[in-house]
Amino acid sequence: MSKLTVISHPLIAHKITMLRDENTPVKEFRELINEIALLMTYEVTKELPLKPHKVKTPVAETEGAFIERQVALVPILRAGLGIVDALMKIIPASKVGHVGLYRDPETLNPVEYYCKLPTDIEQRQVIVLDPMLATGGSAAAAIDFIKQRGANKIKLMCVIGAPEGVKAVQEAHPDVDIYLAALDEKLNDHGYIVPGLGDAGDRLFGTL
Ligand code: PRP
Ligand code: URA
């Protein structure tokens, strides 16, 4: 079974509370979700392997380290775009792939409309990004596509998750660790996370 990490930090708790608020305007929502993603990155990348690298300071030579396995960030369109910038900023050598999926509003099943990944994906640590993990259908399907194209080291980073989504991804992909900033109570009858924050894509892009 994969590992679930719910990242607990006062700054994240504070910013998630502001993010959830229905009165938070689009610009602030975007800034907050970026800041939360930035804080989460510290934990999500904690196990990246290092290789030794000597460095000469103005004073002496010393043993340093560089990241050995490069990163591929894969935001799930469209809401994943709202958190990819934060990770690109902190891991500038990462490549970015995109998987386009939307949930059919009737069936809640994910429908793929786009997939473009780095060609060396099998050599990279992949971090799949989506602010919301609801039924888990979108994340599980995105991870399927990414695995089909050769990736073998994948982590999933979402901001808010429901227990149903965590279970679905863990069952479908027991090798994929999941990172959340908040684990909420449940899904409602429309597949929305309760309490959640509403529709992440709409709140990010002002399409409410
Ligand atoms: C949202 C969200 C996830 C998905 C989560 O996207 O960004 O991708 O729903 O739901 P699930 O876990 O039940 O699959 P949506 O389908 O609304 O598309 P959008 O990002 O284009 O708004
Ligand atoms: N997608 C969202 O954007 N929000 C939810 O609560 C569930 C799925």
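Both ligands and their constituent atoms are indexed starting at 1 by order of listing. All values below come from the heavy atoms of this structure, side chains included, with hydrogens, waters and symmetry mates left out. Because the structure is a prediction, the values reported are computed rather than measured.
What sits closest to atom 16 (O) of ligand 1 on the protein, heavy atoms only, is Arg103 N, 2.8 Å. Given atom 5 (C) of ligand 2, the protein heavy atom at minimum distance is Tyr192 CD2, 3.4 Å. Here the heavy atom of the protein found nearest to atom 5 (C) of ligand 1 is Met132 O, 3.6 Å. Looking only at protein heavy atoms, the nearest one to atom 17 (O) of ligand 1 is Asp199 OD2, 3.9 Å. Ranking the protein heavy atoms by distance from atom 6 (O) of ligand 2 puts Ile193 N, 2.8 Å first. In terms of protein heavy-atom proximity, atom 4 (N) of ligand 2 is closest to Gly198 O, 2.8 Å. Residue, atom and distance of the protein heavy atom nearest to atom 8 (C) of ligand 2 are Arg103 NH2, 3.5 Å. In terms of protein heavy atoms, atom 7 (O) of ligand 1 is closest to Asp130 OD1, 2.9 Å.
Distances from atom 12 (O) of ligand 1 to the heavy atoms of Pro110, Gly136, Gly165 put Gly136 nearest. Considering only non-hydrogen atoms, atom 14 (O) of ligand 1 lies nearest to Ser138 out of Ala142, Ser138, Gly80.
No part of Ala200 comes within 4.0 Å of ligand 1, judged by heavy-atom distances. Residue Thr135 touches ligand 1 through backbone and side chain together, judged by heavy-atom distances below 4.0 Å.
Residue Asp85 holds its CG atom at 12.0 Å from CD1 of Ile33, rounded to the nearest 0.5 Å. Rounded to the nearest 0.5 Å, atoms CD1 (Ile121) and NZ (Lys95) are 9.5 Å apart. Atom CD of Glu35 sits about 9.5 Å away from atom CG of Leu11, to the nearest 0.5 Å.
Distances between N or O atoms of Ala79 and those of ligand 1 include at least one value under 3.5 Å. Note: an N/O pair closer than 3.5 Å links Ala200 and ligand 2 by distance alone. Ligand 1 has no N or O atom lying under 3.5 Å from any N or O atom of Ile76, backbone or side chain. For Ala134, no nitrogen or oxygen atom sits less than 3.5 Å from a nitrogen or oxygen atom of ligand 2, counting backbone and side chain alike.
Taking every non-hydrogen atom of Tyr102 and a distance limit under 4.0 Å, the qualifying atoms of ligand 1 come out as 16 (O). Set against the non-hydrogen atoms of Arg78, the atoms of ligand 1 under 4.0 Å away are 19 (P), 20 (O), 21 (O), 22 (O).
Judged by distance alone, the side chains of Thr119 and Arg149 never bring a donor and an acceptor atom under 3.5 Å apart. Judged by distance alone, the side chains of Thr207 and Asp202 do bring a donor and an acceptor atom under 3.5 Å apart.
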Exercise for review: Check the pair Lys153, Val176 against side chain to side chain contact (heavy atoms under 4.5 Å, CB included), reporting the backbone distance first and the verdict last.
Suggested key: CA-CA 8 Å; Lys153 285 209 174 302; Val176 174; over 6 Å; no

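Residues Tyr102 and Tyr192 do not share a hydrophobic cluster, defined by chaining ILVMFWY side chains whose heavy atoms lie under 4.5 Å apart. Taken together through direct or relayed side-chain contacts under 4.5 Å among Ile, Leu, Val, Met, Phe, Trp and Tyr, Met88 and Val99 form parts of separate hydrophobic clusters.
Note on Asp130 versus Arg78: no salt bridge recorded, every NZ/NE/NH1/NH2 to OD/OE distance being 4.0 Å or above. Electrostatic pairing of Lys155 and Glu43 does not count as a salt bridge here, judged by no charged N lying under 4.0 Å from a carboxylate O.
The local environment of CD in Glu61 is crowded, with over 12 non-hydrogen atoms from other residues, nucleotides or ligands closer than 6.0 Å.
By the 4.0 Å heavy-atom criterion, Gly191 is counted among the residues contacting ligand 2.
The shortest distance between side-chain heavy atoms of Val6 and Tyr179 does not fall below 4.5 Å.
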